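Read through the structure below, which is laid out as structure tokens, and then see the notes.
Quick caveat: nothing in here was measured; it's all calculated off a predicted structure. In each ligand, atom 1 is the first atom listed, and ligand 1 is the first ligand listed.
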Amino acid sequence: MRASIMNTMTKSQALFEKALQYIPGGVNSPVRAFRAVGGQPFFVHRAAGARVWDVDGRELIDYVGTWGPAILGHAHPKVIQAVQEAAVFGTSFGIPNPLEVELAELICREIPSVEKVRMCSSGTEATMSAIRLARGYTGRDAIIKFDGCYHGHADALLVKAGSGALTFGNPDSAGVPASFSQHTMVLPYNDADAVEQALRIHAGKIAAVILEPVAGNAGLFPPRPGFLERLRKATEEAGTVLIFDEVMTGFRLGWQGAQGLYGIRPDLSCFGKIIGAGLPVGAFGGRADIMDKLAPLGPVYQAGTLSGNPLAMAAGLAALRELRSSDAYRRLEALGAQLEQGMSELGRKAGIPVTFQRVGSMFCGYFTDQPVWNLADAMLSDRARFGRFFHAMLSRGVYLAPSQFEAGFISLAHTPEDIEATLRAAAESVKLL
Ligand code: KE4
């Protein structure tokens, strides 16, 4: 019996069944489990350019791009070559190495707000460390984050909103003690009034405000005109550290990320994803007077065995050099505009409420007829319809993010023909919704 079932199972199904025996939920990161869209995840065999191939040989146009790092496309030859060349000299040293200085110099030279930077191994480490640093620098405990923004899974950030600017948050995960979340206030994204009020009510107590300058973890919603400027002004007046979490937007929305796009100078910035070209990396940096509070110079402790790992540094440098040398952002903008126009038109033709939101090469299509400016707006979208759309597209060879509350990513390996093929698949898929 078992053998015959095994014979009818796809390789992905068999792998998932096996994975479930050894890995909680069968995945090493929850979103990969397809719980938000139903069904089971496929397992990837390889990726190249704008495509991934699953273990059953299916070819898919990929708009997840390993959640942002693959801006050049997967397995870019220059990245692969850089990793191979670095690897023969050793995969990790735990000793200062020239590559980490080179990447630090590049980031400090190219991002005006970053005077000094510290490498780590994930976006979570970067934001967790930036918050500890802001607390150490200001001597204050409280922080403000925004509903719908995700900054990794550090305890202080797994917090859901209390009721407005008067109260602090509650744990948004089991295992986070209430005492850990009582220093975190969660406010609605794009609500500058609430931030200004909170900074007034809690004057002298707020160490930092942290946000995604373009929110890419509840789908995609941009800052309203003036929101970032008011945050910058209010935090400056309050002596509160403004932290831009650019783990996703850094080097994605332009060479200088969202801070360059919107002309805002944060006090600290967090990076990840693209700066490691898919290898484990994170970084946080900003004003030298704040950064110099970090050990071994200052009293704020932060460390990491693999921080500045030579393979991640080599990959990131190769990717950033490639990005810098091409007219990358013009090309990404053109592809994004083509997708946006096609998807928006599709909704109108099919008589289906679609709000397609995009900044550069990051996008999200919501099944709602209202613009999405915050999490509450995003929650109004029809997630069941998104799940059906996701699977209809997957069966037509297009891999979108397996959740309504994730952003999609276009790479330099995508072509106008890929976008046209995607729009054709979408035109067929919407008929099934
Ligand atoms: P990591 O610890 O996953 O490297 O980075 C956390 C993080 C921090 N800040 C922002 C803005 C992020 O988008 C992320 C991680 N992004 C998710 C995608 N929504 C990673 C995918 C996953 O969790 O599996």
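- With hydrogens and angles ignored, the 3.5 Å screen pairs no side-chain donor or acceptor of Ser122 with any backbone N or O of Gly282.
- Protein heavy atom at the shortest distance from atom 2 (O) of ligand 1 is Thr124 OG1, 2.6 Å.
- Near Met248, the atoms of ligand 1 lying under 4.0 angstrom from a non-hydrogen atom of the residue are 13 (O), 19 (N).
- Within ligand 1, counting atoms from 1 as listed, the ones closer than 4.0 Å to a heavy atom of Glu406 are 18 (C), 19 (N).
- Here Glu236 does not pair with Arg230 in a salt bridge; the nearest charged N to carboxylate O distance is not below 4.0 Å.
- Closest to atom 21 (C) of ligand 1, if we only count protein heavy atoms, is Trp67 CG, 3.7 Å.
- For atom 13 (O) of ligand 1, the closest heavy atom belonging to the protein is Asn217 ND2, 2.9 Å.
- The contact set between ligand 1 and Ser122, taken as ligand atoms under 4.0 Å from a residue heavy atom, comprises 2 (O), 4 (O).
- Nearest protein heavy-atom neighbour of atom 5 (O) of ligand 1: Gly123 CA, 3.3 Å.
- Of the listed residues (Phe271, Tyr150, Phe409), the one carrying the non-hydrogen atom nearest atom 10 (C) of ligand 1 is Tyr150.
- Residues Asp245 and Tyr150 have side chains not in contact (no heavy-atom distance under 4.5 Å, counting atoms from C-beta outward).
- Of the protein's non-hydrogen atoms, the one nearest atom 8 (C) of ligand 1 is His151 C, 3.5 Å.
- Between Glu110 and Arg324, at least one side-chain N (NZ, or NE/NH1/NH2) sits under 4.0 Å from a carboxylate O, which counts as a salt bridge.
- The protein heavy-atom contact nearest to atom 16 (N) of ligand 1 is Lys273 NZ, 3.2 Å.
- With respect to Asp147 and Lys160, no salt bridge is recorded, no charged nitrogen being found less than 4.0 Å from a carboxylate O.
- Under the 3.5 Å distance criterion, the side-chain polar atoms of Asp62 are left unmatched by any main-chain donor or acceptor of Ala50.
- In terms of modelled atom types and a separation under 3.5 Å, the side chain of Arg132 and the main chain of Val300 share no donor-acceptor contact.
- Looking from atom 7 (C) of ligand 1 to the surrounding protein, the closest heavy atom is Gly152 N, 3.8 Å.
- Each ring-ring contact (aromatic ring centres under 6.0 Å, His included) pair with one or both residues in residues 252-281, not counting sequence neighbours, appears once here: Phe251-Trp255.
- Close contacts between ligand 1 and Glu212 involve ligand atoms 11 (C) [criterion: under 4.0 Å to a heavy atom].
- Geometric assessment of Arg58 against the ring of Phe42 yields a positive cation-pi assignment under the 6.0 Å and 45° thresholds.
- The protein non-hydrogen atom at the shortest distance from atom 24 (O) of ligand 1 is Ser29 OG, 2.6 Å.
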